[in-house]
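In listed order, ligands and their atoms are each counted from 1. Quick note: residue numbers are just sequence positions, from 1.
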Amino acid sequence: MRIKPARRLSGRCQLPGDKSISHRAAVIAALAQGTSHISNFSTSQDCAATLSCLRSLGVSLERQGNKVTVEGAGLGGLHPPAGPLDCGNSGTTMRLLAGVLAAQDFPTILTGDDSLRLRPMKRIIEPLQRMGAGILSLDGRPPLQITGSRTLKAISYALPVPSAQVKSCVLLAGLQTDGRTEVIERNISTRDHTERMMQWFGVSMETGSHSDQAEARICAVNGPANFSAREVRVPGDFSAAAFFIAAAALIARSEIEIEAVGLNPTRTQFLDTLRALGAQIEIGSKRDESNEPVGSIRVNGSNLRETVEKELSLTISGPLSAALIDELPLLAVIGSQLPAGLIVRDARELRFKETDRIAATAKNLKTMGAAVEEFEDGLRVVGAAHLKGTAIESFGDHRIAMAFGVAALLADGESEIKGSECVAVSFPGFFEELESLVER
Ligand code: S3P
């Protein structure tokens with residue numbers, strides 16, 4: 001993909017359905033009784049992988065564009081697949097399905113592409129083994145060979161890493177188990193789409209703060225929980241919107257509106273961070289859809305490159321790094337444009353995403369002419385960089401390709417993003433949609 005610098009962005013757009021919410025809608029609908037209709041389902045390859053695995057487990061589902069109809073199999077209604085289940089590039093597919101499969105009375109194998117087969121799975125193996133499932137792996141990495149059991153033990157589990165995927169995995173296993181399964185999150189609350197989707201389907205859940213530790217959040221499910229099909233409308237993907245918001249906030253005189261975006265507070269820290277820098281961002285038409293907050297986001301050319309005060313340096317660390325985990329490569333690009341730059345710490349998890357996102361971000365920013373210091377758990381980007389258009393690697397990682405698609409709009413001269421087709425993992429058509437707002 002070749003990208004030329006932009007003079008400004010203007011116009012309106014609607015983005016594909018949220019990837020995290022689409023995975024959950026499909027998986028929970030598959031365990032429900034009856035027929036669920038899901039609209040605005042994510043167009044991502046990741047969510048297509050989830051649908052294809054569910055089909056292999058005997059779930060009857062039909063897809064027409066962004067509409068998906070799922071005939072729920074009910075708890076205990078899945079069938080042994082003919083072979084290994086291929087999760088493609090999708091960590092969410094693998095970790096959520098592992099929770100579902102741990103409670104089946106047939107064995108399964110979960111595998112994926114070269115990137116997914118390098119990603120850490122001990123974080124789900126450990127709690128599922130505690131519940132009584134048998135799981136073999138290649139030293140904590142996929143493929144996972146799961147020997148499930150219909151009589152798993154309900155557990156209380158304090159998350160050792162802040163991960164919504166691990167929380168969801170344990171809750172999905174707990175849903176099918178006899179007793180109360182609880183997950184405790186200390187200090188950091190990860191995205192809560194699983195809890196919201198389970199509640200939308202009528203599962204009774206307890207959520208709130210821990211009685212002994214005010215700073216800890218707890219969510220619990222009482223299994224086995226039988227529940228019925230529902231209509232679900234998936235909001236636009238906030239993590240996709242972030243790229244458009246960043247471009248419009250950085251480039252002078254831009255004016256864009258993104259309609260019907262998910263505004264779940266566990267996802268929107270990025271808006272608060274940009275607002276703290278002075279970005280003009282307004283929310284309109286706020287409402288709830290399928291138990292998720294939704295609204296439109298308007299960004300008025302804040303020209304952050306010029307307006308941020310010289311001394312204002314941005315440091316992202318502690319719980320903020322977890323809340324911004326998917327936006328950190330993009331924030332590093334933004335940081336290169338701020339007068340005093342950006343520091344990210346406590347973000348070691350970024351090294352275990354679709355690629356090592358700390359190394360990939362540092363490498364690309366340096367290639368474009370920015371000064372970057374890499375730490376084991378983050379990076380420091382020197383600000384006020386004049387990015388130069390050049391050839392940039394995607395490292396096969398959709399969020400790296402999209403973050404540097406934004407950087408290319410800010411650069412002097414044309415850039416080329418190599419392997420840009422990987423954006424289809426979360427957002428096929430990303431570059432075309434971005435281009436439709438760009439004026440030169
Ligand atoms: C996701 C959770 C996050 C996020 C990923 C999607 C989810 O991963 O980075 O893009 O849908 O639950 P972790 O749970 O590993 O932090």
Side-chain angles (χ1 to χ4, degrees), residues 16-28 41-42 44-47 49-50 87-100 112 115-116 118-127 140-142 157 159-172 183 185 187-198 219 234-235 237-243 262 264 266-270 292 319-331 344 346-358 360-361 377 397-403 422-423 425-427:
D18 186 271
K19 183 157 83 75
S20 289
I21 298 174
S22 297
H23 284 298
R24 284 142 173 98
V27 170
I28 294 171
F41 191 82
S42 164
S44 65
Q45 287 174 347
D46 275 8
C47 290
T50 291
C87 304
N89 189 247
S90 176
T92 312
T93 303
M94 184 168 285
R95 294 187 178 123
L96 265 55
L97 286 183
V100 172
S115 149
L116 185 54
L118 288 174
R119 295 183 65 188
M121 294 295 153
K122 275 201 180 112
R123 54 187 64 193
I124 55 162
I125 294 174
E126 205 256 323
R141 296 178 202 280
Y157 192 65
L159 286 185
V161 268
S163 163
Q165 296 176 357
V166 177
K167 172 175 65 176
S168 305
C169 171
V170 174
L171 289 175
L172 283 163
V183 179
E185 298 187 278
N187 303 319
I188 293 171
S189 295
T190 63
R191 60 189 73 189
D192 63 357
H193 303 303
T194 298
E195 298 91 301
R196 285 171 181 265
M197 190 61 72
M198 285 184 175
C219 53
V234 180
D237 196 321
F238 181 83
S239 299
F243 300 103
N264 181 313
T266 60
R267 295 284 295 282
T268 53
Q269 173 60 43
F270 184 69
E292 288 279 352
L320 274 188
S321 296
L324 288 162
I325 196 75
D326 287 342
E327 284 75 43
L328 289 176
L330 176 61
L331 275 163
V344 176
D346 305 319
R348 201 164 170 270
E349 273 294 302
L350 273 188
R351 295 204 183 269
F352 308 115
K353 295 291 178 186
E354 286 81 333
T355 188
D356 175 342
R357 287 185 178 158
I358 294 177
T361 303
D377 67 343
D397 184 316
H398 56 124
R399 295 206 199 280
I400 297 295
M402 294 192 276
C422 67
V423 296
V425 156
S426 68
F427 189 169

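With a 4.0 Å cut-off on non-hydrogen atoms, Glu349 does not touch ligand 1 at all.
Remark: minimum distance from atom 10 (O) of ligand 1 to any protein heavy atom is reached at Asp326 OD2, 3.1 Å. For atom 12 (O) of ligand 1, the closest non-hydrogen atom of the protein is Arg24 NH2, 2.6 Å. Ranking the protein heavy atoms by distance from atom 14 (O) of ligand 1 puts Ser163 OG, 2.7 Å first. For atom 1 (C) of ligand 1, the nearest non-hydrogen atom of the protein is Gln165 NE2, 3.4 Å. Ser20 OG, 2.7 Å is the protein heavy atom nearest to atom 11 (O) of ligand 1.
The residues Asp326 and Arg191 are annotated as salt-bridged, a charged nitrogen and a carboxylate oxygen being separated by less than 4.0 angstrom. Using a 4.0 Å cut-off between a side-chain N of Lys or Arg and a carboxylate O of Asp or Glu, Asp237 and Arg267 qualify as a salt bridge. Note on Arg357 versus Asp397: salt bridge recorded, some NZ/NE/NH1/NH2 to OD/OE distance being below 4.0 Å. The residues Arg123 and Glu349 are annotated as salt-bridged, a charged nitrogen and a carboxylate oxygen being separated by less than 4.0 angstrom.
Without hydrogens or angle criteria, Asp377 side chain to Arg348 main chain gives no donor-acceptor distance under 3.5 Å. Formation of a donor-acceptor pair under 3.5 Å by the Ser22 side chain with backbone atoms of Ser42 is found in this model.
Using a 4.0 angstrom heavy-atom cutoff, Lys353 counts as in contact with ligand 1.
Annotation: Ala164 places an N or O atom under 3.5 Å from an N or O atom of ligand 1; distance criterion only.
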